[in-house]
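So you know, we letter chains A, B, ... as the sequences are listed, proteins then strands, and number each from 1.
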There are 4 protein chains.
Amino acid sequence: MTAQHGTAPGTRRRSEASRRAILTAAFELVGEVGYAKLSIEGIAARAGVGKQTIYRWWPSKGAVLFDAFLMLSEGEDDSAALPDTGDLEADLKTVLRATVAELNDPRYDEPMRALTTEILHDPALAAAYAERLDRPMKELKKQRLRSAQRAGQLSRDLDLDVAVEMLWGPLLNRWLQRGGPLTPEYADSVVETALDGLRPR
Amino acid sequence: MTAQHGTAPGTRRRSEASRRAILTAAFELVGEVGYAKLSIEGIAARAGVGKQTIYRWWPSKGAVLFDAFLMLSEGEDDSAALPDTGDLEADLKTVLRATVAELNDPRYDEPMRALTTEILHDPALAAAYAERLDRPMKELKKQRLRSAQRAGQLSRDLDLDVAVEMLWGPLLNRWLQRGGPLTPEYADSVVETALDGLRPR
Amino acid sequence: MTAQHGTAPGTRRRSEASRRAILTAAFELVGEVGYAKLSIEGIAARAGVGKQTIYRWWPSKGAVLFDAFLMLSEGEDDSAALPDTGDLEADLKTVLRATVAELNDPRYDEPMRALTTEILHDPALAAAYAERLDRPMKELKKQRLRSAQRAGQLSRDLDLDVAVEMLWGPLLNRWLQRGGPLTPEYADSVVETALDGLRPR
Amino acid sequence: MTAQHGTAPGTRRRSEASRRAILTAAFELVGEVGYAKLSIEGIAARAGVGKQTIYRWWPSKGAVLFDAFLMLSEGEDDSAALPDTGDLEADLKTVLRATVAELNDPRYDEPMRALTTEILHDPALAAAYAERLDRPMKELKKQRLRSAQRAGQLSRDLDLDVAVEMLWGPLLNRWLQRGGPLTPEYADSVVETALDGLRPR
DNA sequence: GTATAAACGAGACGGTACGTCTTGTCTTTTC
DNA sequence: GAAAAGACAAGACGTACCGTCTCGTTTATAC
């Protein structure tokens, strides 16, 4: 039950080598020349592939980029849970600091901005992103929060979606809009403020 | 005290009519055809203006779009403070619901996505945005929070920047990434959760 | 030994239809709007062709025009010799009168002026013109003179190149510079004067 | 009797300095960048003059070029007759060799080609050229021939216009179309052939 | 083992838009 | 009131890519 398609008479014989070359080229190129100058033509040339091979299998430039990200994330261990030492605040700071580090990593900055741009203007891609890349990550985050909730460290009636977005939203926004320095200290500050709330205790 | 520049010998005589026509055309067009199909050529044609007149005064498509937003926002009353009834939670809900309504308004959706895209890839534009459009708004928000802080409704040592970002960040992120329904109820939920914090009280 | 190219892997598949459409459009347009207003853009539009298809195959506007002339001249019978009734003077008058008629024909006037302009400023084009269009014609003319020479009607030591240029040069010059009326009588006069020479006999 | 316009009531205060600067700039520029890249804009910049000053006084780029030639030729002695040693053939060879030398002079090549181009497409300019530049020269040539005619060295009933064109036409044509080497020997050959005629004597 | 049919690399095609350049007009300021 | 300066609407320049469409050439079953 591994085959993606039952091998029907008019068989598909897609070239795996071309697929990988295209995705790799797309990811590298967007990092080198930036989103604005990324072109199908350029990807095809870099991958040593005919343009038609791209148009045959992907509906848009964004879809190629998206698959390039998927390919990368498949290398990672999906089942890897977030750290759970019992100390929620420390664990969250660890994870958010890691997020900050990744957002500041120049290897991922341009590609992620490019993908974000595509998501911004393509609802279908946005849905795919939410489903394939964002949801698994969010699920891990919610899992950690659920564990804390069971331990009585979080409000019983807390909406975990809102909680996750309140923790990661500020970071993403600073990154996207360059609305301020994106430092580990900022991550810590967000965690503390979110946990305690704005009101005095 | 009217002259913008001291009228030097070979002075500049920029056409205000062309400037307004270009900005108006840019804003309208991005709403009609979307960001991807927005072109300098199209803006010039719609504005009844030569392309060179655009290239002469703006360095990029994003800069035009940015100025179009600036022109709109200049119509608004900048000194208008956020509502302050004394009931912080209610006031915040009112404001965030208004934000939600604006983000959902189709007249602003495409233009704002377009501007966001440009900001995403152009640090200079991002700085201009932060300075000219975002900061004044953020100042108003912080002012309201400061008032609440003085009234003892917010922690004394609260970082107001973090607070503002924790309130508005989740909304903006849902909007940008279409990561879930952007409803008034969501706005309320964000306000409540932010004020009380994730921890049980 | 029939194949023009050994059909290599990435072979060329130039569109003959586009080529003809471009040349026809170029010839028609130069007659309609004149040389000064002839543009690649206009040719492409008239021919229903992308600009790149012109730039791909021709190095300059002049080269297109030149090929347009070539296409026309290929329709004509190249082997057609000049008339040879035995009466050299009469034959030359016939031919030069025909030349005068053609130069005065409004259908060819503008296109030929345009081509001449390009030749005037482009040595490479001038060489191509001399080789492909001018030389075959000149050869026919020299052939007729050679026949007369054999019949003792022309000096034995006559330089036929000089002779041809002395017969046709004055006509072309009047046409180019509009230096006087270009009439059949003028053609006759040139023939008579050239044959007899300026000196009294 | 030097003024071109009588000083009419609404007096003209045309700047002679600008006029000369424009004509000089035009002549120099056409020699430097060639006809194709000669622009009004460039002439104005080189001359340190506003574009309007050119448009105000000349109807076309060709007219500027034409006046530039006029200015040069005014420096020359118009009354200078062609050499008349009594030996017509030798005198003609001298003059035609001088013509050849001038046509081969790179300082005059480009400017003359440029002017020729303009004449080619502008009948009004052609008429001005014929009247102001060509006719005076032609008159000198005809004068020399008339002298020879009186001396019995040329046919009594010779059409001097045709004669002049038969002598100079071949040279100009070779120059224009680069239809062969333009050497002093060629000039000699033309003179000899024209004088003796094509027919055997 | 061939047939055969798809996917492939290559790249020409009709187009759109780019950013630059020049045209000829218009306007402002200086002399 | 002519001149220098230069903004303006218009539009062509030559280039880069778009997405579609043949071309021959692999290449991997299916016969």
query: Donor-acceptor pair under 3.5 Å: do we get one between B/R13's side chain and the base of E/dT27?
result: yes

message: For C/R20, is the CZ atom crowded, meaning more than 12 foreign heavy atoms sit under 6.0 Å from it?
response: no

task: Using a cut-off of strictly less than 4.0 Å, decide whether C/W57 has a side-chain nitrogen or oxygen near OP1 or OP2 of E/dA12.
output: no

- request: In whole angstrom, give the distance that lies between atom NZ of A/K61 and atom P of F/dG19.
  value: 8 Å

- request: For the residue pair A/L72 and A/Y108, establish whether any side-chain heavy-atom pair is separated by less than 4.5 Å.
  value: yes

More than 12 heavy atoms from other groups under 6.0 Å of CZ on B/R132: no

field: Residues A/E16 and A/R19 bridged, charged N to O under 4.0 Å
entry: yes

- prompt: What is the distance from CD of B/E16 to P of E/dT27, rounded to the nearest Å?
  reply: 17 Å

- prompt: Using a heavy-atom distance cut-off of less than 4.0 Å, which residues of residues 28-56 of chain C contact DNA chain F?
  reply: C/S39, C/I40, C/E41, C/K51, C/Q52, C/Y55

query: Looking only at heavy atoms, what is the nearest atom pair of D/A114 and D/Y35, with distance?
result: CB-CD1, 3.7 Å

query: Would you say D/S18 reaches F/dA4's phosphate, i.e. side-chain N/O to OP1/OP2 under 4.0 Å?
result: yes

- request: Please examine the side chains of A/L29 and A/I43, heavy atoms only from C-beta on, and report whether any two atoms are closer than 4.5 Å.
  value: yes

field: Rounded interatomic separation in angstrom, taking CD1 from C/I22 and P from E/dA12
entry: 13 Å

